[in-house]
Structure formats: structure tokens, C-alpha cells
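Working notes, structure below.
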Amino acid sequence: MKKNISIYCGWGRIIMGHTFADPAALATELCHERRGNRDIAIYVNQPHVVLSYAPQQLFLDPSDTLRLNMQHFEDTEDESSEITVRPISSENDAYAINELYLKRNMMPTDPNYVWQMRDATTIVFLVAEDPVTQRIVGTVMGINHCKLFDDPDAGSSLWCLAVDPQARQPGIGEALVRSLAGYFQRQQCAYMDLSVMHDNEFAKSLYNKLGFEQVQTFAIKNKNAFNEALFVGPDLEGNLNPYAKIIVDEARARGISVDVLDAEEGYFRLSSGGKRITCRESLSELTSAVAMSRCQDKYVTNRWLSKAGLKTPAFQLAGSEESNLAFLEQHNSVVVKP
């Protein structure tokens, strides 16, 4: 079996965690995620050890891995199906795949890459086509583990199942899964795995119907903006005001724990490791009285910012109608502050 294997999929990499003997090397590989991409390490044998090397950047994905044993799968065509499932055959197919990802709020892909990989043996893209309108209404991607890294277990995996939410035909997702399983079965793969969110009962019911069973393995992802909902946890109790919420949201996105102490008054506590800081809205206990005095008086604030070399706006206190009008005519527009 080849070592330290990953494959680019157009939106990020699938990293085969069990091909990495060193947990530190796997953590390093994950941390090399390119900006705007979404990498996934699957089949991670020692997730707790991998996470220990980059606890602020990586997190354990709350998904389950399901497996379809090819010995129990019957590749039968549904003659009553209103769609045709086939490999991509044109650049338009590649762009249609990206449009489906966007409709489903999935990570967008690179259509040029998808088209370039149309004849690859390691990765396959299938589409579901409406034979009447010739519109692409679904897609699925698969990886052949045997071709990718000489998998001794002869595995394969399913990724990026997407169905057009406006499609009129029933059973598109099931047809795509069946077609991909049949494709890998003909290539002598022993099983096909997929990753599904632990609470996605609708999808799990479909996979259970097709004969998938859960296997005990783990996946790790990066704490990026796309994955934020997976690692920040449920919404905090209490309705914080906008000033406090800005700080709280940014802290949680960076893996900093937040305890709401008094939502009505905007008090909360930030915790990271052994450090704890209590805040009120945008102020913290580290904010000095001198800093407060500089910020409470707009004249003082303006002078200190000017001394620091920052560009500051012209201003004056609201006065008579004549002086206000003269100031407006001089600057064309003004902002009125209390």
C-alpha cells in the first residue's frame, strides 16, 4: 500500500488517514489546506493524537462512516426511472456539477479540473440527466482506493452526492448511489464507504435501505469558515447585544470557549487553555481606565488618533443653523453623532 496519500477533488483534498503511519505527519498535511479549499482526512486511526498536534486548527468531524458490502449489493437497473445516470461527457456537465454544489450550499468545485479528470481511473464523476430537457439534475463523485493507493482491502468511497432541489423526478439520489456502487462493483471493489452527518436521519434511512452499515472510523477537518457550524457548537443561551455578539462569534470561530455571564448587560467570559478574561460588550478587564477616558471623549479620541498619524475626519459641535449649514457646504456630507 502506498503511503501518505491524498487526492484533490476540485474543492479540496480527500486525505487517506490510514496511509499515514505518523500522526504528526497527518496533522501537518491537514494544516496545509489551501485557502478557499476544504480538506477531509478520513480513516484516521488515532484521532486524539492527530488533534494534539494542532488543537487550535483541527477538529473531529461529527459524521458517521457507512459501508456498503459489494457482496450484498445487486446492480440492477430501474427501468421505470425518469433519469439517466452517466459519466460526464462535456464541459457543460462539469459546470452543471458546480451549479448543483452551489444550490446545495456545498463547497464549490473547479469545473476545469472536473473536466480534466473525466478519464481518470482514481476518481469518477457521474451525473443524472433528465432525458426530456437534457438538464443535469444530480451528481455524485467516487474514489477508487485500489487505483489510488493499492488498497489491500479493495475499497472505494462515495463523495459529494447532490440533487437539484427543483428536480421533479423522484429517487435521483438513490439512482446515483446505485450507479456508483455498480460502477465500483464492476471494478472489483469489495466495498463502498460514505460519510454522512450523524444527525442526518433522512439520508441515513436511504443508505440503510440500500444495505449500508456503520463502521467505526474517524474523520478530521480544518477549522475554516465553511466548517464553522460543525465545530463552534450550538448557539449560546441568552440574547447578547450586537457589540458582544461580534466578539463572541469571532472567539468561538477560533476555538475560544465562551460563557455568557449576563446576557442583558453584555457580560461574558473568554477561556483558552488556562487563561480566562471577562468582558462586557467590546471591553475586557484588560481595558484600562486611561483607555476608557480616551474613548469616552470624542475630542480626546480625535487628538490621540491624529498624534498617532491616523487620518481623522473634520468635525465640529452642532451649533446654529448657519454654522451647521456652512460646515455641510464645506464638506458636502456629514454624519451626525450623539
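With no hydrogens or angles considered, a side-chain donor-acceptor pair links N227 and R38 at under 3.5 Å. Under 3.5 Å, the side chains of N4 and E29 contain no donor-acceptor pair of N or O atoms.
Between atom CG of residue N92 and atom CD of residue Q134 there is a gap of 11.0 Å, rounded to the nearest 0.5 Å. Taken to the nearest 0.5 Å, the CD1 atom of I246 stands 9.0 Å off from the CG atom of N241. Put simply, CG on D64 and NZ on K204 are 3.5 Å apart, with the number rounded to the nearest 0.5 Å. Put simply, CZ on R118 and OG on S90 are 10.0 Å apart, with the number rounded to the nearest 0.5 Å. Note that CZ of F212 and CZ of R67 are 11.0 Å apart. Values are rounded to the nearest 0.5 Å. Taken from CG in L328 to OG in S333, the straight-line distance is 8.0 Å, to the nearest 0.5 Å.
Of the residues listed (I15, T65, D61), the one engaging I42 in a side-chain contact (heavy atoms from CB on, under 4.5 Å) is T65, and it is the only one. With V114 as reference, I97 is the one residue of I97, N98, T139 to meet the side-chain contact (heavy atoms from CB on, under 4.5 Å) rule.
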| task | Report the C-alpha distance between F149 and I7 in whole Å, list the side-chain angles of each, state the deciding distance to 0.1 Å, and finish with yes or no for side chain to side chain contact (heavy atoms under 4.5 Å, CB included). | result | CA-CA 10 Å; F149 59 92; I7 181 170; over 6 Å; no
| query | Given the rule in the side-chain hydrogen bond (donor to acceptor under 3.5 Å, both in side chains) test, do E99 and Y95 qualify, once you have shown the distances and angles that lead to the verdict? | reply | CA-CA 6 Å; E99 290 176 7; Y95 281 94; over 6 Å; no
| message | Evaluate V124 against N144 for side chain to side chain contact (heavy atoms under 4.5 Å, CB included), listing each step before the verdict. | response | CA-CA 8 Å; V124 59; N144 188 324; over 6 Å; no
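Ion pair R135/D130 not flagged as a salt bridge, since none of the NZ, NE, NH1 or NH2 atoms sits closer than 4.0 Å to an Asp/Glu carboxylate oxygen.
When every heavy atom of L26 is checked against every heavy atom of A41, the shortest pair comes out as CD1-CB, 4.2 Å. Considering all non-hydrogen atoms of both residues, S205 and F202 come closest at OG-O, 2.6 Å. Residue L240 comes nearest to G266 through the heavy atom pair CD2-CA, 4.4 Å, listed as atom of the first residue, atom of the second, then distance. Looking at every heavy atom in both residues, E174 comes nearest to L206 through CB-CD1, 3.8 Å. Closest approach of F327 and F315 over heavy atoms only: CZ-CA, 3.7 Å. Nearest heavy-atom pair, I277 versus S284, reported as atom, atom and distance to 0.1 Å: CG2-CB, 3.8 Å.
Side-chain contact between F218 and V50 is absent, with no heavy atoms from C-beta onward closer than 4.5 Å. No side-chain heavy atom of Y183 sits less than 4.5 Å from a side-chain heavy atom of C189. Using a 4.5 Å heavy-atom cutoff, the side chains of E82 and P170 are in contact. Residues M141 and T109 are not in side-chain contact: their nearest non-hydrogen atoms beyond the backbone lie 4.5 Å or more apart. Residues T28 and F20 are not in side-chain contact: their nearest non-hydrogen atoms beyond the backbone lie 4.5 Å or more apart. The side-chain heavy atoms of K2 and T19, taken from C-beta on, include no pair separated by under 4.5 Å. No side-chain heavy atom of L66 sits less than 4.5 Å from a side-chain heavy atom of V215. At least one side-chain heavy atom of M197 sits under 4.5 Å from a side-chain heavy atom of L230.
Remark: side-chain polar atoms of D193 are not paired, donor with acceptor, to backbone N or O of S157 under 3.5 angstrom. Judged by distance alone, the side chain of N222 and the main-chain N or O of L30 form a donor-acceptor pair under 3.5 Å. Although no hydrogens or angles enter the test, the distance criterion places no donor-acceptor pair under 3.5 Å between the side chain of N37 and the main chain of E33. N69 contributes a side-chain N or O that, together with a main-chain N or O of Q71, makes up a donor-acceptor pair within less than 3.5 Å. Between the side chain of S320 and the main chain of S323, a donor-acceptor pair closer than 3.5 Å is present. Of the possible polar contacts, one joining the S156 side chain to the Y191 backbone as a donor-acceptor pair under 3.5 Å is found. Using a distance-only test at 3.5 Å, with no hydrogens or angles considered, a donor-acceptor pair links the side chain of T301 to the main chain of R294. Between the Q185 side chain and the F73 main chain, a donor and an acceptor come within less than 3.5 Å of each other. Side-chain N or O atoms of S63 include none that pairs as donor or acceptor with a backbone N or O of H198 at under 3.5 Å. A donor-acceptor pair under 3.5 Å links the side-chain atoms of Y113 to the main chain of Y8, judged by distance alone.
The number of heavy-atom neighbours closer than 6.0 Å to CD of E264, taken from other residues, nucleotides and ligands shown, is 12 or below. Atom NZ of K223 has more than 12 neighbouring heavy atoms from other residues, nucleotides or ligands inside a 6.0 Å radius. Within a 6.0 Å sphere centred on NZ of K245, heavy atoms belonging to other residues, nucleotides or ligands number 12 at most. Shown here is K209, whose NZ atom has no more than 12 heavy atoms of other residues, nucleotides or ligands within 6.0 Å. Taking a 6.0 Å sphere around CD of Q166, one finds it holds 12 or fewer heavy atoms contributed by other residues, nucleotides or ligands. Within a 6.0 Å radius of CG in N239, no more than 12 heavy atoms belonging to other residues, nucleotides or ligands are found. Crowding of E213 atom CD: a count of heavy atoms from other residues, nucleotides or ligands under 6.0 Å not exceeding 12. At most 12 non-hydrogen atoms from other residues, nucleotides or ligands lie less than 6.0 angstrom from OH of Y243.
Under a hydrophobic-cluster definition in which Ile, Leu, Val, Met, Phe, Trp and Tyr are linked whenever side-chain heavy atoms come within less than 4.5 Å, directly or via other members, I143 and M192 are assigned to different clusters. Note: the hydrophobic cluster containing I88 does not contain V137 (ILVMFWY, side chain heavy atoms under 4.5 Å, direct or indirect links). Criterion: ILVMFWY side-chain heavy atoms under 4.5 Å apart, direct or through other members. Under it, V44 and I40 are not part of a common hydrophobic cluster. Note on L176 and I136: separate hydrophobic clusters, where clusters join Ile, Leu, Val, Met, Phe, Trp and Tyr whose side-chain heavy atoms are under 4.5 Å apart, directly or indirectly. Both F226 and W11 are assigned to one and the same hydrophobic cluster, defined by single-linkage of ILVMFWY side chains at heavy-atom distances under 4.5 Å.
Taking the six-membered ring for Trp and thresholds of 30 and 60 degrees, Y43 and H18 have ring planes inclined between 30 and 60 degrees apart.
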